[in-house]
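Naming convention: chains lettered A, B, ... in sequence-line order (proteins, then strands); numbering from 1 in each chain. Just so it is clear, the values below take in all heavy atoms, side chains as well, and ignore hydrogens, waters and symmetry mates. Quick caveat, the model's predicted, so the values are computed rather than measured.
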2 protein chains.
Amino acid sequence: MTTEIEIKPTESELEILQILWEKKRCTVRDVHEVLTQNREAGYTTTLKLMQIMHEKGLVARDTSSKTHIYKALVNQQRTQQHLVSRMINNVFNGSASRMVMQALGNHKASKEELDAIKQYLDDLSNK
Amino acid sequence: MTTEIEIKPTESELEILQILWEKKRCTVRDVHEVLTQNREAGYTTTLKLMQIMHEKGLVARDTSSKTHIYKALVNQQRTQQHLVSRMINNVFNGSASRMVMQALGNHKASKEELDAIKQYLDDLSNK
DNA sequence: ATAAATCTACGAATGTATTCGTACAATGCA
DNA sequence: TGCATTGTACGAATACATTCGTAGATTTAT
């Protein structure tokens, strides 16, 4: 039996995690700059969020120089996995396929994406 | 341009919505009974939640008799759609196909489900 | 008719997310 | 050197979700 870990980043934390997953090592300012491309936010707000994420163990930070360097501690795949599973249960009564169809019906994937998914499905079937 | 509506039920509200989507017309007790099959909750807690949902316009209620009758006001499809889209953006950087693969890789769909999805994909391609 | 059960309304406590102001230290530059 | 800039720490305000106790009305059963 594996140890149960609660992976439950808030929405703001997820925004930041996505940036950290992308860019590996970031200062608060790095993150803040990306964040404010989309929406308004004060610098100390971003700072505070990242400090809280550190308390929670979502990120690690290197404090050896004045400007701290952050990186994600939680695994991208595992986190995504966890969140998708929760949504399947919470919103789709446990039916993965229903969610998949809902996602594809709406979100207009490109032909390449659709082909990739088909390929993936074939691989799954032949295992 | 369509009117922008914020669909953002909380987790508890989603639990209740799922019950209402399933059973159409419910009393608080009906909902409460289903709810407490899984977890602990006081009756007035469920009541309060449903009252708040009413304030928010998530549900309608018939108060003509002492025991009120509730039904969902928000559409199941639309709500699911909205939540899936948000997750794709929040967690998968906007890539629907990534989420789909994550969902299928984990949540072990049955052969029937996989076939249904393939069929669905073919239909999408041929449109 | 009276007591028990069932229901709604309401307020309050608790927990957590989010936002930002202020203080103060370190750094960079004129 | 002295001032502006950039950074962290911290506390506090606000908002919202969640939980439940209590009061009072209505219904049901004895």
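If you take CE of A/Met50 and C1' of C/dA17, they are 17 Å apart, rounded to a whole angstrom. In this entry the distance linking CG of B/Asp30 with P of C/dT6 reads 14 Å, nearest Å. Atoms CD1 (B/Ile52) and P (C/dA9) sit 13 Å apart, rounded to a whole Å. We find that CG of A/Leu47 is positioned 20 Å from P of D/dT5, with the value rounded to whole Å. Rounded to an integer number of Å, the gap from B/Leu49 CG to C/dT8 C1' is 15 Å. A/Glu11 has its CD atom 7 Å from the P atom of C/dT18, to the nearest Å. Rounded to an integer number of Å, the gap from A/His32 NE2 to C/dT18 P is 16 Å. As a whole-Å value, the separation of B/Ile16 CD1 from D/dT19 C1' is 13 Å.
In this structure, A/Lys118 pairs ionically with B/Asp122, as a charged nitrogen and a carboxylate oxygen lie closer than 4.0 Å. Between B/Lys56 and B/Glu13 a salt bridge is recorded (basic side-chain N to carboxylate O distance below 4.0 Å).
Sequence order on DNA chain D of the closest nucleotides to B/Thr10 and A/His68 puts A/His68 first from the 5' end. Across the interface with DNA chain C, nearest-nucleotide mapping of A/Ser12 and A/Thr44 shows A/Ser12 to be the residue nearer the 5′ end.
Within the 4.0 Å cut-off from OP1 or OP2 of D/dA9, at least one side-chain nitrogen or oxygen of A/Arg61 is found. Contact between the side-chain N/O atoms of A/Gln51 and the OP1/OP2 oxygens of D/dC10 is not found at any separation under 4.0 Å. Between A/Arg29 and D/dG7 there is a side-chain N or O to OP1 or OP2 distance below 4.0 Å. Of the side-chain N and O atoms in B/Tyr43, none sit less than 4.0 angstrom from OP1 or OP2 of D/dG21.
When each of C/dC7, C/dT18, D/dT19 is scored by its nearest atom to the side-chain atoms of B/Arg39, the top-ranked nucleotide is D/dT19.
Annotation: B/Arg61, atom CZ; neighbour count of heavy atoms from other residues, nucleotides and ligands within 6.0 Å is above 12.
A cation-pi contact links B/Arg29 to B/Tyr43, judged by a cut-off of 6.0 Å to the six-membered ring centre and 45° from its axis.
For a distance-only test at 3.5 Å, the side chain of A/Lys48 qualifies as a donor-acceptor partner of the base of D/dG11. At a cut-off of 3.5 angstrom, counting only N and O atoms as typed in the model, there is a donor on one side and an acceptor on the other between the side-chain of B/Lys66 and the base of C/dT6.
Between the side chains of B/Asn93 and A/Gln18, at least one donor-acceptor pair of N or O atoms lies under 3.5 Å.
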